[in-house]
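Okay, so here's the structure we're looking at.
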Amino acid sequence: MEQPSSFWLLLAVFAPVLAGLLSMRIRPSLVTPRVLVALVGPVVSFLSVLIHLAGHGVAKTDAATKVITWIPSLNLNVAFLADGLGAFFALLVSGIGILIVLYARPYFGMSKDEQYRFYPTLGFFTTAMMGIVLSDYMLLTLLFWEMTSISSFFLIGWYRYEKESVHKAMQAFFTTGLGGMAMLGGILMFGSSEGIWRWSEVAHWHPHSSGYVIAAFCMMFAGAATKSAQYPWHYWLPGAMVAPTPVSTFLHSATMVKAGVFLVGRMYPAFHELTIWPWLILIPGAITMLFGAVTALNQHDLKRIFAYTTVSQLGLLMCAYGLGGLEFEHGGQHLMAIDWDVTQIANHAFYKAPLFIIAGAIAHVAGTRDLPKLYGFWRVNKPMVIVMLLAGYALAGGPGTISFPAKELFFYAIYHAFEIHWIFQVLAVMAVLTAVCNVAIFVRLFTTLLGLPFGQRDLSFDVAVQGQGHGHGDGHDEHHDVGFWAAMLWVPGAVLVAWQYLGGLLPNLWSWIFRPLEANVNYEGFAERLPFVWEMHWGIPLIMSLCAIGGGLVVGLSPLMRGAVGDVHDRIYPFLYWLCVHGGGRAFRTFQSGHFRWYVVAVVSFLILGFAGSVYFEPAMLDVHTASPLEFWPGLLLGIVICVSALMLPMVEKRVIRVLVLGACGFSVVGMYLIYQAPDLALTQLMFELISVILFVLVLRMLPSPDVKKSPGKVWRIAISAAVGITMGWMTLLAANSGTPPALGPFFEANSYEGTEATGGRGGGGHNIVNVVLVDFRGFDTLGEITVLSIAALGVWALLPGRAVRRLEEKFGSEGGAA
Amino acid sequence: MTNHWIILFIIVPQVTGILSVLLMNKIRAQRFIGTLSFVFNTVFSIYLLLEVRAHGTIFVSQMSDWPAPFGISIVFDGLSGLLVAASSMVALGCYIHSFSLMHPMTQRRYFHPLIQLLMFGVNLSFLTGDLFNLFVSFEIMLMASYAMLTLGAERRQLTQAYKYILLNLIASTVFVIAAGLVYGLMGTLNMADLARIVAEKTAPGGEGLPAGFTAVSVMMLLVFGLKGAIFPLWFWLPDTYYTCPISIAAMFSGMLTKVGVYALARTFPLIFAHGAGHSMIMVIFAISAAFTMFLGVLGAVSNHEVRRILAIHVISQVGYMVFGIALMTPIALAGCLFYMIQHMVVKSALFLCCGIMERYAGTDDLYKMGGLLKRDRLLAVLFFVAAMSLVGLPPLSGFFGKLVIIQEGWHIHWWLSVLGLATGALTLLSMLKIWSYGFWNPPKGQHVVVPTGAPRPRMLKSGYFGVTLLVLTALFLGFGAQPVYDIAFQAGEQLTNPRAYISAVLQYDIDAPPHEQLAAAEHDAEVVDPMAVVADEREEATP
């Protein structure tokens, strides 16, 4: 089969960022043209995906597009995979992207700076997100994955000169970054042990549960879990609500946070047969689901309410995939407990994004997002309340929305799981409780916004009076639009929520659109299309739904759980930060103590321990076959003199005497050279010793006398010195007696004056071999040594403030301030 | 393949340095020839690298034309070539940056000659094929760096530099002793010759390495490890970059440690990680990598002065490189090499950014900074790209270095890979810390400390130019990782299987050794220069 070209998908991925960058070229005062240019990006993306799909249909999971080579040796190339899941997400991202561009315009008003910054960043994010969902190479997915983290960082830290925003942005980036690292590790482990680097290759892979595969899966899931705000890493998502609402809508409800769910969906074909699959995903997923729902009920801020319901819903989506790892028997068939997963994801996007859009719109109009203060907001702005309640009804999973069958399907999956283990009854209870909370939240919204009895009400605030003056609690400028752009505050929400009712009331149409995108359609009764409301089977799942609705009504109207509570998990990141900064700093400073003596001791100890290790691994080191040193008594005598003078050095206090002792040591070495018949060396050494002793004495005379502090002579310090000395001596002995013929000496000897055959007759032309070695054979070393000396001279000269320097100093000022 | 032009990498900076001393009072002329020298080195090394990439060539030049191992060999292969190219580029960036960021007084204190001579040392240590010559080049580098650290001659500079030089002197002493021991034990100092002898002696049926070889290896590990700032030898590093002029700090942070790591990467796979102590050396590497990576990043994240964060981060990243060496597979060594060059570029870029930040904020203390983004958007962009490269987010350069090392790590030291990933996350945290406190947050510290006569911020052009140059290089290393990796993989292969290296340096074909020729190379009396033999044959063939 011929592979489809990557062109359209490449265009779909990169159009948003290009359009965003292009919008920066437009003068800041021209707001509307900027919006139109920015709009081109997601529109082109959306159309390109459609064109690709029209040309090639929805791809099978192993049918990637043609490869564009990039870094083949690291298994990172460009190829796309527009299978059901990927294509759906691509359309979702670009589609909502279009609406957000429109929505952001009235939201930010005419604020030129913010418009200027917003569209490029948004374009960057859209590109990253499109990349995640379409990439075929795993590392390419990771690349875009981290790009979403970066763009999310910039968008959460939108109000960048406010500490709160900055803090939350860091928190989100660090948390998702941590997951990103784990994901990188997982991809690398899976790729290097199985040789699979593309999602499309997974289709031909025979799953097996070796240690590497399990570890790789766990790490990749960790990446998904942090991105999709799974407990206990969910804290960053409510924190991210400091971002402007268009951002919260797009990134933190509809698309980016679903990247984790998407990744699990991508991994599903590969890993769902692992035993660990359901448990690893279900346990955090179920906790997230219930925890998010209950916390959401206990909030007042609209954005926080919806943030926690998002957390909850992400938990539910994870659970849906987690259950997909279970196999149940139905009518003689073995089926996986997963069905219509894309619809499940779409459902959430189609009500959560409108909720956020309207929350932002309300804040824009009323100047507050506090639910009790919005009591009776209906009187202020009717379209917004209508859209919000329609979306809220979907949140509650009411019949007539796509949410209802979606929840039903989820309950079915749990119900089927009963067959496998009783523990899933606990999950059923959790799911029902979650649904109860969702219904209750809808009831609260309904009663409060419409100003009905049982609604939440802040008596000190009347939105109809105080809110009408267009408050600006959401950080936008003073400008307010009328007409088209004013409507754009709520119309995007209406467009999205319409899908909910389209699916709920016309399931045939929904099925026609979404059936091609669904890869997992297992249950009887749902095979070709979703059922109408009245076609629901009477059974445990339906009873669960009814329980949820009943319970939700009761909780929603009751006075229970109406306060705004904090989340204890908000302390996780500050704690981690504290641990790194204080704990880590402490660990580092124990080592880097600032005491110079300790540094030297550590370095020398390293050497000694290394020697000890070498002796252990190479005991042969201890045998040296050498003549007794006693055979040559002049050498012995001089050796003793050298040792004694060396020992005296640290004991003598006066500096001049020290220099003299050092000289004695040196002259004994000269003697040593002499008796071993190296007169040239002896001569050199003699010169050196003479000059150095004279210079030292002359210079020391001029220095002020030091205040000698007698440091306590510790035994261990002597021991360390002795150990170093002895090992060095021993090593010298070993090297001298190794019996290896030196290869260089004879060559130098043969060629120092006249050449031999080996050198083509070229000789060094000198009778003194040492000289020839220094200036010819190894003259290059000498060049280096000369350079060292010159640099030393330059350095010393630079340190000394000469007349010229002082003159310059007058001209330019001293250097202190410039460093 | 013999190519005597490679000596230009050493001669050009040296001659330029001497000329600069002569042109002491003509700053513009010094800058001009200095820039020219670095540009030449960069361009020439890239030109040669293209050749290396295409044909796997190893360029060799025998000093004074004495055949190896009797003279000194200068070798330009993938490993040294990439490092020379990267360090020349970094030197160029830092040098240009210094024009406006360094106090004119300091510049007049022989900064221009010293930087050239430093590069002489750095290039020589990458290129030399001789163990003793490596010592000499270390000395050149040490002397030049010491002189540069004390430029400005402030009291605190002198005290910090004192620690630096003393610890490095210990290393030098050990190095010279160890080099002597190597000669005593093995009879030669040429690295290729040593590699050949080690390979022969450790081959099945070989006589084994002489006793004491492991101890010498440990000494070498100490020497190179101290230069490369690995655990537990990094003490000199964190304080060294704190006091000197920022352009110099940037250059040192990029290069000095890399020379040490380079020496580890060159000599250990070739020579010292063999014999009885092999397992011990490898364990030391692994443990050291773990502590270097993790303790380093903890130290960095706990600080709140930009210079300190960046300086201590050098340690952490050296840990990744040592991790690559600890695995010692061809691929991991290639990753290590890639990581080295990208880190040189990125770390220097960050330091250069820090220099400009200091100019704006008047301090490098994060708690006294804020809102720099308002001040300068370009600086923010440059810093962010460099910082994320350091963290290793794809597709920036750090990612591709880390990627290969961690991937190789899973199957050898999985725990090191886990630590490497954790280190990555903490690196992210520390970079976000600089970004958040420095560029975001409520603006403060907006006064500019400009001493009389020093350039004003609007004249920071050359500073920006330097940073931009390095950031663009870093971007190239990220997006164009493939051609770089082509060379790096070659280099990694050559380190673990050094036949090509040995034959290129010793200039005979090791794969088809006429036994007489081998014997001739060993037995001094009958040494025959293969090139001469070839020439003779050619003469005979053409009557």
Side-chain angles (χ1 to χ4, degrees), chain A residues 71 73 143 146 160-161 166 170 174 177-178 181 185 188-189 192 580-581 584-585 587-588 592 596 599 602-603 607 610-611 613-614 617-618 620-621 731 734-736 738 740-743 746-747 758 760 776-777 779-781 784 787-788 791-792 794-795 798-799 808 812-813 815 817-819, chain B residues 63 70 72 103-106 109-110 117 133 136 139-140 143-144 147 152-153 181 184-185 187-188 210-212 214-215 218 222 232 235 276-277 280 295 298-299 301-302 371 393-395 406-407 410 421 424-425 428-429 432 436 440-442 451-454 481-482 485 524 527-529 532:
Chain A
I71 308 180
S73 52
L143 188 158
E146 301 286 17
R160 49 211 182 176
Y161 305 123
V166 172
M170 256 176 103
F174 177 64
L178 209 60
M181 294 294 165
L188 292 180
M189 187 182 269
S192 62
C580 293
V581 171
F588 183 74
Q592 185 79 23
F596 188 67
Y599 298 166
V603 170
L607 195 61
F611 279 137
S614 327
F617 281 94
E618 208 178 356
M621 212 179 120
M731 289 302 298
L734 256 183
S738 70
T740 314
F747 174 87
D776 197 344
F777 291 121
F780 195 58
D781 280 340
T787 314
V788 173
I791 297 173
L794 269 186
L799 274 180
L808 288 168
F812 293 110
E815 284 161 81
Chain B
M63 295 295 94
F70 307 110
I72 294 166
H103 194 282
M105 268 299 305
T106 316
R109 282 186 155 161
Y110 300 104
L117 294 174
N133 200 242
V136 173
E139 288 301 289
I140 298 173
M143 228 355 127
L181 293 176
L185 289 175
T188 181
T214 311
V218 170
L222 175 101
F235 303 105
M280 180 179 78
L295 263 186
L298 285 180
V301 88
S302 67
L393 291 190
I406 287 176
Q407 181 190 329
W410 282 132
L421 291 169
L428 176 67
L429 189 64
L432 289 185
S436 305
W440 282 358
N441 264 357
T452 9
Q482 182 61 42
Y485 257 114
D524 34 273
V527 171
V528 177
D529 182 5

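Since the structure is predicted, the reported quantities are computational estimates derived from the model, not experimental observations. Chain naming here is simple, since letters A, B, ... match the order of the sequence lines and numbering starts at 1 in each. Hydrogens, waters and symmetry mates play no part in the numbers below; they use all other heavy atoms, side chains included.
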Looking at every heavy atom in both A:F588 and B:L295, which two are closest together, and how far apart are they? CD1-O, 3.4 Å
From the list A:A620, A:S614, A:A792, the residue making the most non-hydrogen contacts under 4.5 Å with chain B is A:S614
Taking B:A481, B:S436, B:G277 one by one, which has the highest count of heavy-atom pairs under 4.5 Å against chain A? B:S436
Can you tell which part of A:A736 gets under 4.5 Å to a heavy atom of chain B, answering side chain, backbone, both or neither? neither
When rounded to the nearest 0.5 angstrom, what distance separates CD1 in B:I72 from CZ in A:F780? 7.0 Å
Return the CD1 to CG distance between B:I406 and A:L188, rounded to the nearest 0.5 Å. 7.0 Å
Among the listed options A:A602, A:G185, A:G585, the residue most often paired with chain B at heavy-atom distances under 4.5 Å: A:G185
B:L393 backbone acceptor or donor facing A:E146 side chain under 3.5 Å: no
Residue part contacting chain B, namely of A:S73, when any heavy atom lies under 4.5 Å: both
Picking from B:M63, B:Q482, B:M280, which has the most non-hydrogen pairs under 4.5 angstrom with chain A? B:Q482
Name the region of B:L429, side chain, backbone, both or neither, that has any atom closer than 4.5 Å to a heavy atom of chain A. both
Residue, of A:T787, A:L178, A:L607, that accumulates the most heavy atom pairs under 4.5 Å with chain B: A:T787
If you look at every heavy atom in B:F235 and A:Q592, which pair is closest and at what distance? O-NE2, 3.0 Å
What closest approach, in Å, do B:A211 and A:E618 show between heavy atoms, and which atom pair accounts for it? CA-OE2, 3.5 Å
Which bit of A:F596 is near chain B, if near means a heavy-atom gap under 4.5 Å: side chain, backbone, both or neither? side chain
If you take all heavy atoms of B:V218 and A:F611, which pair is closest and at what distance? CG1-N, 4.4 Å
Sequence neighbours left out, what passes side chain to side chain contact (heavy atoms under 4.5 Å, CB included) with B:E139? Give chain and number order. A:V788, B:F135, B:L142, B:S172
Under the salt bridge (Lys or Arg N to Asp or Glu O under 4.0 Å) test, residues paired with A:D776 that sit two or more places apart: none
Of the non-hydrogen atoms in A:L734 and B:L185, which two are nearest, and what is the gap between them? O-CD2, 4.3 Å
Distance-minimising heavy-atom pair for A:G795 and B:A147: CA-CB, 3.6 Å
